[in-house]
Amino acid sequence: MKTQVAIIGAGPSGLLLSQLLNKSGIDTVVLERSSREHVLSRIRAGILEWGTVELLREAGVGARMDAEGYPHDGCYLSNDDEIVHINFKELTGKQVMVYGQTEVTADLYNAQDAMGTTIVHGVEDVKIHDLHEAESYVEYTLDGERKRVTCAYVAGCDGFHGVSRKTIPEDVRQEFERVYPFGWLGILSETPPLADELIYANSEHGFALASMRNENLVRHYVQVPLTDKVEEWSDERFWTEFKKRMPKEIADKVIMAPSIEKSIAPLRSFVSEPLKYGNMFLVGDSAHIVPPTGAKGLNLAASDVFYLKNALIAALKDGDLSGVEGYSEQALARIWKAMRFSWQMTTTMHQFEGEDSFTTQMRNATFDHLKTSETARRDLAENYIGLPF
Ligand code: RFL
Ligand code: PHB
């Protein structure tokens, strides 16, 4: 096969990039390791920044999101029983959209089907070659046969465990990492949301988040030690722990409904630089991971896609290489600010095992500052709704 851009990975980064390039008349081939059913069954992010909302509309996949998503004007943060409301709309004029990553991915698959894009599922042993030649190629195995896609550019959209980042020689790559000593146990449950907006709760028992997908579907999380296994968490144990961490007025409303999905995700901050190596670009989780506390993972993938699609359109349509040359620097400037915000939200809102009393006082002071200073609330709101791109 021959194409203009070979895209590795059919998660949100790969599908959105492919869709936007196809809309501009650029040909793509997408190579995905898993089955389509597996990609569509993963429960992940739930909050879209408005920039992401607008990019999805530009890609022609905004209709169901606009009909079924829920714009939110703010969120709540709590520290024990004290609650502070962050009103994004008043503080920044902007909102966020509650619309699950699972739905975004389904909409993108449907749009790509309509576009007639080749998405190859079940590829194994992907190898990327000739990144410093005029033409590059990607090799893979499908049904026991070795195949090849020749292309001008490669987009590495294959997540944290993918092959693209590892194709960059170690002496060229610089990695930055912070691993947190806890994970998030998440459940999906068919019960109405506990409040009109999300609640990020901290207490002496640890962190909890009350999120939602629709009027009768919630996504809730509790901070758990990294060593915990999902089998150790019955629904009853989850809800009991969740209630302890929510402010009392919310905890009193909890109905212990059965879970329909339950999983544990570790928390990590990670960046690999540069994002460009010859004809290859890293996009989304293949280059960076944020802890979910700031709801930035999927949104950072979208801003990377925005920069890269503009760069590739200029290169392939007009022969203007300035965008592809500048992609890494441009995307990283925004990535690092989202890294800082996600790290700060994580350290402020979680309990660290064996933390000293000074750390606790710092957390209480940060919370008190948010309660009493509109400037502090505006700073949080500006980062949460997403920095411009
Ligand atoms: P994805 O979604 O991981 O997609 C990458 C795709 O590449 C495929 N792949 C390969 N294909 C071919 N060859 C290979 N060698 C391959 N290796 C991998 C994979 O099968 C997959 O389909 O990355 P992408 O597209 O960059 O999208 C990023 C987002 O998915 C991610 O940032 C967020 O979901 C992060 N994240 C969360 N973010 C939030 O904002 N809120 C959340 O609640 C939240 N929960 C999560 C998450 C990420 C998780 N992961 C990655 C473990 C929960 C989990 C469990
Ligand atoms: C979610 O709904 O899954 C969700 C929402 C906000 C976050 C993380 C996850 O910060």
Side-chain angles (χ1 to χ4, degrees), residues 6-18 30-36 38-49 52 70 72 75 77 96-102 104-105 108-109 119-128 138-142 155-167 183-188 193 197-200 207 209-214 217-221 261 263-268 270 282-305 335 338 341-342 345-346 349 384 386:
I7 297 176
I8 307 172
S13 301
L15 293 172
L16 180 58
L17 179 66
S18 179
V30 184
L31 304 173
E32 166 61 48
R33 186 179 54 183
S34 306
S35 67
R36 179 162 171 158
H38 177 80
V39 174
L40 286 172
S41 68
R42 294 191 293 226
I43 312 287
R44 289 184 176 174
I47 295 282
L48 307 180
E49 296 171 358
T52 306
Y70 296 81
H72 276 193
C75 74
L77 305 184
V96 294
M97 180 78 94
V98 172
Y99 192 64
Q101 177 171 335
T102 316
V104 172
T105 312
L108 283 165
Y109 262 117
I119 304 178
V120 188
H121 286 94
V123 302
E124 291 168 0
D125 198 16
V126 170
K127 294 229 157 51
I128 307 162
V138 181
E139 271 189 316
Y140 60 96
T141 301
L142 185 70
C157 304
D158 48 353
F160 184 64
H161 300 286
V163 295
S164 308
R165 181 179 72 252
K166 292 168 198 148
T167 300
W184 279 18
L185 167 67
I187 68 158
L188 203 59
E197 291 166 353
L198 271 61
I199 306 164
Y200 291 85
F207 170 82
L209 167 62
S211 182
M212 62 191 79
R213 290 293 180 272
N214 62 44
L217 188 61
V218 297
R219 179 75 168 157
H220 288 166
Y221 299 90
E261 197 267 353
S263 49
I264 296 182
L267 264 65
R268 169 197 309 270
F270 172 84
L282 301 183
V283 183
D285 278 17
S286 72
H288 44 77
I289 297 288
V290 284
T293 327
K296 290 283 159 266
L298 175 60
N299 293 299
L300 267 187
S303 58
D304 287 359
V305 165
I335 290 161
F341 175 67
S342 306
M345 279 281 280
T346 302
M349 297 303 294
Y384 193 94

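Residue numbers run from 1 in the order of the sequence given. As a basis for the values below, the full set of heavy atoms in this structure was taken, side chains included, without hydrogen atoms, waters or symmetry mates. All ligand and atom numbering here is 1-based and tracks the order in the structure. Nothing here was measured: the structure is a model prediction, and the numbers come from that model.
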Q: Mind checking whether Ile199 and Leu209 have side chains closer than 4.5 Å, heavy atoms only?
A: no
Q: Give me the atom names and distance for the closest heavy-atom approach of His121 to Ser35.
A: CD2-C, 3.7 Å
Q: Do you know which two heavy atoms are closest between Tyr109 and Ala10, and how far apart they sit?
A: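 What the structure gives for the nearest pair is OH-CB, 3.6 Å.
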Q: For a quick test of reading the model, state the closest non-hydrogen atom pair linking Pro12 to Gln101 and the distance between them.
A: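 So the minimum-distance heavy-atom pair works out to CG-NE2, 3.4 Å.
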Q: Suppose we screen for side-chain contact (heavy atoms from CB on, under 4.5 Å). Which residues come up paired with Arg165, at least two apart in sequence or across chains?
A: Phe160, Arg173, Glu175, Phe270, Ser272, Leu282
Q: State the atoms of ligand 1, each with its element, that fall below the 4.0 Å cut-off from a heavy-atom position in Cys157.
A: 5 (C), 6 (C), 7 (O)
Q: If only atom types and distance count, is the side chain of Lys296 paired as donor or acceptor with the main-chain N or O of Tyr384 below 3.5 Å?
A: yes
Q: Can you list everything that forms a side-chain contact (heavy atoms from CB on, under 4.5 Å) with Thr52? Sequence neighbours excluded, please.
A: Leu48, Glu49, Leu56, Asn299, Ala302
Q: Could I get the full list of side-chain contact (heavy atoms from CB on, under 4.5 Å) partners for Ala155, not counting sequence neighbours?
A: Val5, Ile7, Leu17, Cys157, Leu308
Q: Give me the nearest non-hydrogen protein atom to atom 20 (O) of ligand 1 as residue plus atom name, then the distance to 0.1 Å.
A: Glu32 OE2, 2.6 Å
Q: Decide yes or no on side chain to side chain contact (heavy atoms under 4.5 Å, CB included) for Leu198 and Met212, but give the supporting numbers first.
A: CA-CA 7 Å; Leu198 271 61; Met212 62 191 79; 4.3 Å; yes
Q: Do me a favour and list the nearest non-hydrogen protein atom to atom 26 (O) of ligand 1 with residue, atom name and distance?
A: Ser13 OG, 2.7 Å
Q: Could you tell me, atom by atom, which parts of ligand 1 come under 4.0 Å of a heavy atom of Ser34?
A: 20 (O)
Q: Measure from atom 27 (O) of ligand 1 to every heavy atom in Gly11, Pro12, Gly284 and give the option owning the shortest one.
A: Pro12
Q: Identify, by atom number and element, the atoms of ligand 1 in contact range of Gly159, meaning under 4.0 Å from any of its heavy atoms.
A: 3 (O), 5 (C), 23 (O)
Q: Can you tell me if Phe160 has a non-hydrogen atom under 4.0 Å from ligand 1?
A: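 The answer is no: ligand 1 sits nowhere under 4.0 Å from a heavy atom of Phe160.
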Q: What protein heavy atom is closest to atom 29 (C) of ligand 1, reported as residue, atom name and distance in Å?
A: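 Heavy-atom neighbour on the protein nearest atom 29 (C) of ligand 1: Gln101 NE2, 3.6 Å.
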Q: Collect the protein residues that have a non-hydrogen atom under 4.0 Å from ligand 2 and hand them over in chain and number order.
A: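 Lining ligand 2: Arg44, Gly46, Ile47, Trp184, Leu198, Tyr200, Leu209, Ser211, Arg213, Arg219, Tyr221, Pro292, Thr293, Ala295.
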Q: Would you check, one step at a time, whether the test side chain to side chain contact (heavy atoms under 4.5 Å, CB included) holds for Ile119 with Leu15?
A: CA-CA 9 Å; Ile119 304 178; Leu15 293 172; 3.8 Å; yes
Q: Could you find the nearest protein heavy atom to atom 42 (C) of ligand 1 and give me its residue, atom name and distance?
A: Ala45 CA, 3.4 Å
Q: Do Thr105 and Arg44 have side-chain heavy atoms sitting under 4.5 Å apart?
A: no
Q: Which heavy atom in Ile43 sits nearest to a heavy atom in Thr102, and how many Å separate them?
A: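 Looks like CA-OG1, 3.9 Å.
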Q: Under 4.0 Å from a heavy atom of Gly297: which atoms of ligand 1 are those, numbered in the order shown and with their elements?
A: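 Under 4.0 Å from Gly297, ligand 1 has these atoms: 32 (O), 40 (O).
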Q: For atom 32 (O) of ligand 1, what's the nearest protein heavy-atom neighbour? Residue, atom name and distance, please.
A: Asp285 OD1, 2.7 Å
Q: Can you tell me which residue and heavy atom of the protein come closest to atom 16 (C) of ligand 1, and the distance to 0.1 Å?
A: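 For atom 16 (C) of ligand 1, the nearest protein heavy atom comes out as Asp158 CB, 3.8 Å.
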Q: Short list, please: which atoms of ligand 1 are under 4.0 Å from a heavy atom of Ile8?
A: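 Matching atoms, with element in brackets: 12 (C), 13 (N).
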Q: Counting heavy atoms only, name the option from Arg42, Arg33, Lys166, Glu49 that's nearest to atom 21 (C) of ligand 1.
A: Arg42
Q: Is there a side-chain contact between Thr293 and Trp184 in this structure, where contact means two heavy atoms from C-beta onward sitting under 4.5 Å apart?
A: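 With C-beta onward as the side chain, the pair touches.
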Q: Have a look at ligand 1 and work out which part of Ser286, if any, has a heavy atom under 4.0 Å from it: side chain, backbone, both or neither.
A: neither
Q: I need the atoms of ligand 1 closer than 4.0 Å to a non-hydrogen atom of Lys296, numbered in the order shown.
A: 40 (O)
Q: Which protein heavy atom lies closest to atom 55 (C) of ligand 1, and at what distance to 0.1 Å?
A: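 Going by distance alone, atom 55 (C) of ligand 1 is nearest to Ala265 CB, 3.9 Å.
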Q: Would you confirm whether Asp158, through its side chain, and Ile8, through its main-chain N or O, come within 3.5 Å as a donor-acceptor pair?
A: no
Q: N/O of Gly162 under 3.5 Å from N/O of ligand 1, yes or no?
A: no
Q: At a non-hydrogen distance cut-off of under 4.0 Å, which region of Val126 contacts ligand 1 (side chain, backbone, both, or neither)?
A: side chain
Q: For Ile335 and Asp304, run side chain to side chain contact (heavy atoms under 4.5 Å, CB included): C-alpha distance rounded to whole Å, both residues' side-chain angles, the deciding distance at 0.1 Å, then the answer.
A: CA-CA 9 Å; Ile335 290 161; Asp304 287 359; 3.6 Å; yes
Q: What residue and atom, counting heavy atoms only, is the protein's closest point to atom 53 (C) of ligand 1, and at what distance?
A: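 Going by distance alone, atom 53 (C) of ligand 1 is nearest to Arg44 CG, 3.7 Å.
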Q: Evaluate the side chain to side chain contact (heavy atoms under 4.5 Å, CB included) criterion for residues Ser13 and Asp285: first the C-alpha distance (whole Å), next the side-chain angles of each, then the deciding distance (0.1 Å), finally the verdict.
A: CA-CA 8 Å; Ser13 301; Asp285 278 17; over 6 Å; no
Q: Run the numbers for me: atoms of ligand 1, each under 4.0 Å from some heavy atom of Tyr221, listed by number.
A: 43 (O)
Q: List every atom of ligand 1 that sits less than 4.0 Å from any heavy atom of Val163, numbering the atoms from 1 in the order shown and giving each element.
A: 15 (N)
Q: Would you say the side-chain atoms of Ser18 pair up with the backbone N or O of Gly14, donor to acceptor, closer than 3.5 Å?
A: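 Not at all, since once roles are kept as given, no pair shorter than 3.5 Å links the two residues.
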Q: Using a 4.0 Å heavy-atom cut-off, say whether Leu31 meets ligand 1 through its side chain, its backbone, both or neither.
A: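 The answer is the backbone.
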